[in-house]
Amino acid sequence: MHLHQPFKALVLAVALMMASGVDINKHQENMNACPVIQCCAPGTNGLPGRDGRDGKEGPKGEKGDQGAGLRGLQGFPGKAGPQGAKGDQGPQGEKGQKGESAREKSTLSDSAFDALQRQVTALEKNIQTLQADVSRYQHCEICLNDCIFGVGGRIFFLRWAKSVGKKTFMSMGTKDSFENGKSLCAKAGGTLACPRNQAENTALQEIMKKDSEGAYLGMSDVQIEGQFVYLNGEPVTYTNWETGEPNNAKNEDCVIMYSNGKWNDMDCSNSEALIICEF
């Protein structure tokens, strides 16, 4: 019954067109030219062709467990690479704090500095005075009464002065006892003169050549009779005795030199002779 209804409708449609004078053949052509409207359900997609693209990559899987194998030995270091290019200069650092001035660092106060400067000035004056004394002495090999010399902080008016080697013999023309002569020379910073060789004996002879009374020498045999020693206790190594001397005629423990350069022993307790010091 359902099949007869479409057919019946088709017959009625044809009869209607004929009654209206429509060319059936022309209508048939028009129908053939119309697009076909699909009335049924859509079909399923087919398999992709040969030139189709693969699907998207799937998500990354989880990291697997570390293997149980042993770690290998570290290899030798490689050669050093070429030196790199010089880097850019860094930014300027912060400015430092202001340092202390030299005056602030000084441990000396103004008063201490002034005192030190006065001492330096005084020393300079003393040096100048000593230099002047030495200069005057260097210009006279043998000085007369007007020759002045400073020794041990004292000024001496010298009668005679003579230098031999590293020694200098000086006399003020004073005659005194043996003990006073030793004291006088010690205060001047020297000792009573005593020649240790022929050259020194000749120098002393020139100093006292106009004084026939003789000059004391720095030696004696007070400790042991006949054994003369210098004032420092050392035995005498050079002598120039007069013939027949020493004879200890009157308990003679001291020694004097005559103007001829010869020596004689004599009593030094009360006798006075020329005092010559050596420096």
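All values below come from the heavy atoms of this structure, side chains included, with hydrogens, waters and symmetry mates left out. Here, residue 1 is the first one in the sequence, and each next residue gets the next number. These numbers come from a predicted model, not from an experiment.
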Determine, stepwise, if the pair Leu204 / Ile276 fulfils side-chain contact (heavy atoms from CB on, under 4.5 Å).
CA-CA 8 Å; Leu204 290 176; Ile276 303 175; 3.7 Å; yes
Is there a side-chain contact (heavy atoms from CB on, under 4.5 Å) between Lys250 and Met266? Walk through the geometry before answering.
CA-CA 7 Å; Lys250 298 179 181 179; Met266 67 174 299; over 6 Å; no
What verdict does the side-chain contact (heavy atoms from CB on, under 4.5 Å) test give for Leu231 and Lys182, after you've listed the backbone C-alpha separation in whole Å, the side-chain angles of each residue and the deciding distance to 0.1 Å?
CA-CA 9 Å; Leu231 298 181; Lys182 291 194 300 181; 3.7 Å; yes
Report the C-alpha separation of Phe178 and Leu192 in whole Å, then their side-chain angles, then the decisive distance to 0.1 Å, and conclude whether the side-chain contact (heavy atoms from CB on, under 4.5 Å) test is met.
CA-CA 9 Å; Phe178 179 74; Leu192 197 60; 3.6 Å; yes
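Listed for the Gln227 side chain is no donor-acceptor partner under 3.5 Å among the backbone atoms of Ile224. Between the side chain of Tyr230 and the main chain of Thr237, a donor-acceptor pair closer than 3.5 Å is present. At distances below 3.5 Å, at least one donor-acceptor pair connects side-chain atoms of Ser171 with backbone N or O atoms of Gly173. In this structure a side-chain-to-backbone donor-acceptor pair under 3.5 Å is missing from Asp176 to Leu274. At distances below 3.5 Å, at least one donor-acceptor pair connects side-chain atoms of Asp265 with backbone N or O atoms of Asn247.
Contact of the Cys268 side chain with the Glu252 side chain is not registered, since no non-hydrogen atoms from C-beta on lie closer than 4.5 Å. With a 4.5 Å cut-off on side-chain heavy atoms, Met219 and Val229 do not count as touching. For the pair Lys162 and Lys167, the minimum side-chain heavy-atom distance is 4.5 Å or more.
Under the side-chain hydrogen bond (donor to acceptor under 3.5 Å, both in side chains) criterion, Asn197 pairs with no residue, sequence neighbours left out.
Taking the ring axis of Phe113 as reference, the NZ or CZ atom of Arg118 does not stay both within 45° of it and closer than 6.0 Å to the ring centre.
How far CD1 of Ile256 is from CG of Asp267: 11.0 Å, rounded to the nearest 0.5 Å. Note: Cys194 SG to Glu234 CD = 11.0 Å, rounded to the nearest 0.5 Å. Rounding to the nearest 0.5 angstrom, the gap separating the CZ atom in Phe169 from the CE atom in Met208 is 13.0 Å. For the atom pair Ser177 OG and Leu184 CG, the distance stands at 10.5 Å (nearest 0.5 Å). The structure places CG of Asn126 at 11.0 Å from OG1 of Thr121, a figure rounded to the nearest 0.5 Å. For the atom pair Leu123 CG and Gln128 CD, the distance stands at 11.5 Å (nearest 0.5 Å).
Residues Met172 and Ile275 fall within the same hydrophobic cluster, defined by Ile, Leu, Val, Met, Phe, Trp and Tyr side chains chained together at heavy-atom separations under 4.5 Å. Both Tyr216 and Tyr258 are part of a single hydrophobic cluster, where members link through side-chain heavy atoms under 4.5 Å apart.
If you check the side chains of Glu200 and Tyr238, you find no donor sitting under 3.5 Å from an acceptor. In summary, the side chains of Asn260 and Gln205 do not present any donor paired with an acceptor at a separation below 3.5 Å, with no hydrogens or angles considered. For the residue pair Asn180/Ser183, the side-chain donor-acceptor check at 3.5 Å is not satisfied.
Classification of Glu272 and Lys175 as a salt-bridged pair fails, no side-chain N sitting under 4.0 Å from a carboxylate O.
Taking every heavy atom of both residues into account, Ala273 and Gly214 meet most closely at CB-O, 3.7 Å.
In this structure, Trp263 has its ring center at least 6.0 angstrom away from the ring center of Phe228.
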